[in-house]
Amino acid sequence: MFDLALRLRRDADALVTNWRALARLSGTAACGAAIKADGYGLGAGWVAETLAAAGCRDFFVATWAEAAALAPLGLPNLAVFHGVRDEDMELALSGIATPVLNTAVQAARWRNAGGGACHVMLDTGMNRLGLGEGDLAAGALEGLVVDTLMSHLASADEDSAQNGEQRGRFVAMADKVAARRLSLANSAGIALGPDYTFDLTRPGLALYGGVPRPELAGVITQVAFPEAQVLQRRTVRAGEAVGYNATWVAPVDTEIAILNYGYADGYFRGFSGRGAAWLGDSVLPLIGRVSMDLIAIDVTGHDVAEGDWLWVDFDLPRAAAQSGMSQYELLTGLGSRFRRVG
Ligand SMILES: *Cc1c(COP(=O)(O)O)cnc(C)c1O
């Protein structure tokens, strides 16, 4: 067994704290968890087991491949957002998860196969996935047992008139469909308040430390902590340059540490000259360009040696501002070269 020089420390207590906070903000609605894209890069199995133990009962993935990978966990309610293609039917009918039907074709496919209870996505103005008013009027859902009727907000992270418009359309359309539960809010939707939580909420980002709206700042805490090992410590003499394209030139003699971490691990080039690592309470600035597998950190005056581990700053709102990437991209960009611990 070899040991990786890059690890992702995952804080299970922070994950549970975030879920409980979102559950509290969801009021009487059940609070689920979106764990697609391998739990936003943290590991879907780890997220699901941690949150199931805390009482979460509703989990959402995007695809049947993701559902199949989680089947051994026997999660109480696992739903597949992308619904059912022909190619999915065998797996879908095996009962490992419940499809979220998005089109009249998917609804007919499920009905003709005698698939049983399903979820349904309505399009209320995002024009991404979901059935429209015309589909309902044409009887697309006739004969189906609908567990959860849902829609998705396009602009919940903004104070946009679209939020109220989508909510209004959702209520009007839901009036025409018999369903056990209604569900509209993602993480940002929960922060819009009790008008948006209905019977079930579906947070993803905020579970993992993302802060999509100011109301969640101070409520949500960091879950994912990248830590990289020092491969070399060196002295850079005043006037010498560091890294690709020599974008950083030492103003004075500088001690630097080269870490095993780069843009192939989701530490994108936008962090060049902006990111930082932590040593206790000290912030050690990143210097020069981010390479594919390496970064350079200014460790002047600090006791950092080859083989040491440094914690690279990955506070999501700050990291998004520094890198120009979204908090979602930063999480899902966490690569396969981490040893995920915790
Ligand atoms: C990904 C997703 C969510 C979770 O959204 P966040 O913004 O990460 O909270 C909820 N619902 C649907 C349909 C999704 O695709």
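Residues take their numbers from the sequence shown, with the count starting at 1. Worth saying up front: this structure is predicted, and the values here are computed from it rather than measured. We count ligands from 1, going down the list as the structure has it; atoms in each ligand are counted the same way.
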Take the angle between the ring planes of F170 and F198 and call it parallel below 30°, perpendicular above 60°, tilted in between. perpendicular
Measure from the side-chain N and O atoms of T63 to the backbone N and O of E66, and report whether any donor-acceptor pair falls under 3.5 Å. yes
[X] with [Y]: basic N within carboxylate O range, under 4.0 Å:
{"X": "D159", "Y": "R213", "answer": "yes"}
{"X": "R337", "Y": "D293", "answer": "yes"}
{"X": "R181", "Y": "D147", "answer": "yes"}

Given Y208, which partner from the list F225, Y40, W19 fulfils the ring pair (Phe, Tyr, Trp, His ring centres under 6.0 Å) test? Y40
Heavy-atom cut-off of under 4.0 Å around ligand 1: list whichever protein residues fall inside it, by chain and number. A34, K36, Y40, F81, M121, R128, H152, N186, S187, R202, P203, G204, L205, Y328
